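Note sheet for the following structure.
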Amino acid sequence: CTSSLNRADDPDNLATKTMSRYLVPALQTRGDYKFIAPTTVSYAVEKTSTVAAYEKFLRGYAMTEKPDMAFLAPLAAELQCDAFLIPVVDLWQKDEVDITENATPATYVGATITVVSAKDGSVLFRCSDEDYMEGAATSTDDRSLVTSSSGAVHADLGAKVHRAPPFEDVAVKVANALVSGLPSR
């Protein structure tokens, strides 16, 4: 899994790790495809190339959507595969609500999966999905703030009220939708 996000939007690279955590088990539910385990792919990458070249390929693909066949051809030969499934996270955002706002917090996740031919790099299939989840609507009337005489907030007793849902709750929905979008074989 790779990401087309700006590094500032996901500095810890959690988007790709989180999406992979839900995408891999969802792919295993598909009996009409034979997916190669990520650990086997990692082993083949180390055998045919370098991890740095693999990371360069992933980042380049996320930005251009053009597969580097010089990198993929030896990998395809090693893995004896017909195609590569390349997931790209392209939306990873939380809209938190400030303690002074009357609003609804939300979390947004979006991703695209592309199936690329191992022979010539042509796109065999592409599917995108994005979803969101809203938290509880919040109002300044339902907050219990502990403030100093200068107005600085020391504690917000209703802090969970204005938090956006966790990324994981939305990522699992997107992963499942992408996998169900793969055509039957």
Side-chain angles (χ1 to χ4, degrees), residues 1-42 44-45 53-73 75-76 79 81-96 103-135 163-185:
C1 197
T2 186
S3 168
S4 65
L5 302 170
N6 184 317
R7 297 270 187 226
D9 293 335
D10 184 28
D12 298 326
N13 201 25
L14 294 176
T16 58
K17 293 173 188 170
T18 303
M19 188 56 67
S20 293
R21 186 173 359 140
Y22 294 110
L23 195 58
V24 170
L27 289 169
Q28 292 173 351
T29 65
R30 294 292 301 256
D32 50 342
Y33 287 90
K34 293 181 183 176
F35 293 103
I36 299 170
T39 53
T40 304
V41 174
S42 296
V45 165
Y54 179 58
E55 290 173 358
K56 181 181 176 189
F57 161 75
L58 288 175
R59 188 68 181 159
Y61 182 83
M63 294 297 122
T64 65
E65 294 185 351
K66 293 181 180 159
D68 177 1
M69 290 312 292
F71 176 82
L72 289 178
L75 189 57
L79 293 169
C81 64
D82 300 332
F84 292 95
L85 184 138
I86 307 171
V88 179
V89 178
D90 45 34
L91 177 61
W92 194 259
Q93 175 184 336
K94 273 192 180 193
D95 289 340
E96 301 280 6
T104 303
T107 301
Y108 304 88
V109 173
T112 301
I113 56 172
T114 305
V115 179
V116 177
S117 170
K119 291 179 184 173
D120 60 7
S122 61
V123 174
L124 302 174
F125 176 77
R126 179 172 283 147
C127 177
S128 294
D129 189 67
E130 62 181 52
D131 209 333
Y132 73 98
M133 187 177 285
E134 292 182 337
R163 295 282 181 234
F167 281 116
E168 292 81 1
D169 292 356
V170 186
V172 69
K173 292 173 29 176
V174 171
N176 288 333
L178 289 171
V179 170
S180 68
L182 282 169
S184 298
R185 268 187 90 176

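Just so you know, these numbers come straight off a predicted model, no measurement behind them. Along the sequence shown, the residues carry numbers beginning at 1.
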Other residues, nucleotides, ligands: >12 heavy atoms within 6.0 Å of Tyr132 OH: no

Quick one: pull up [atom1] in [X] and [atom2] in [Y] and give me the separation to the nearest 0.5 Å.
X	Y	atom1	atom2	result
Lys119	Asp82	NZ	CG	7.0 Å
Asp129	Lys173	CG	NZ	9.5 Å
Thr104	Glu134	OG1	CD	5.5 Å
Leu58	Met63	CG	CE	11.0 Å
Ser4	Asp90	OG	CG	4.5 Å
Thr16	Leu5	OG1	CG	9.0 Å

Arg126: which of Val116, Thr112, Ile86 passes side chain to side chain contact (heavy atoms under 4.5 Å, CB included): Thr112

Taking the side chain as every heavy atom from C-beta outward, state whether [X] and [Y] have any atom pair closer than 4.5 Å.
X	Y	value
Leu79	Thr40	yes
Pro166	Asp169	yes
Val115	Val123	no
Met19	Val109	yes
Glu168	Thr18	yes

Give a yes or no on whether the backbone of [Y] and the side-chain of [X] come within a donor-acceptor separation of less than 3.5 Å.
X	Y	result
Ser180	Ala177	yes
Asn176	Val172	yes
Thr64	Gly60	yes
Glu96	Ala164	yes
Asp120	Ser122	yes
Arg30	Leu182	yes

Audit row: Leu23, Ile113, side chain to side chain contact (heavy atoms under 4.5 Å, CB included) steps and yes/no: CA-CA 10 Å; Leu23 195 58; Ile113 56 172; 4.3 Å; yes

Distance-only polar pair, side chains of Asn13 and Ser3, donor-acceptor under 3.5 Å: no

Atom of [X], atom of [Y] and distance for their closest heavy-atom approach:
X	Y	answer
Asp32	Pro183	OD2-O, 4.0 Å
Trp92	Ala171	CZ3-CB, 4.4 Å
Phe167	Gln93	CE2-N, 3.5 Å
Val89	Cys1	CG2-SG, 3.9 Å
Cys81	Ile36	CB-CD1, 4.0 Å
Pro105	Pro165	O-CD, 4.5 Å

Worked check of side chain to side chain contact (heavy atoms under 4.5 Å, CB included) between Val88 and Thr114: CA-CA 8 Å; Val88 179; Thr114 305; 5.9 Å; no

Stepwise side chain to side chain contact (heavy atoms under 4.5 Å, CB included) check, Leu72 with Phe84: CA-CA 9 Å; Leu72 289 178; Phe84 292 95; 3.9 Å; yes

Ring geometry between Phe57 and Tyr61 (parallel below 30°, tilted from 30 to 60°, perpendicular above 60°):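 Tilted, since the angle between the ring planes falls between 30° and 60°.
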
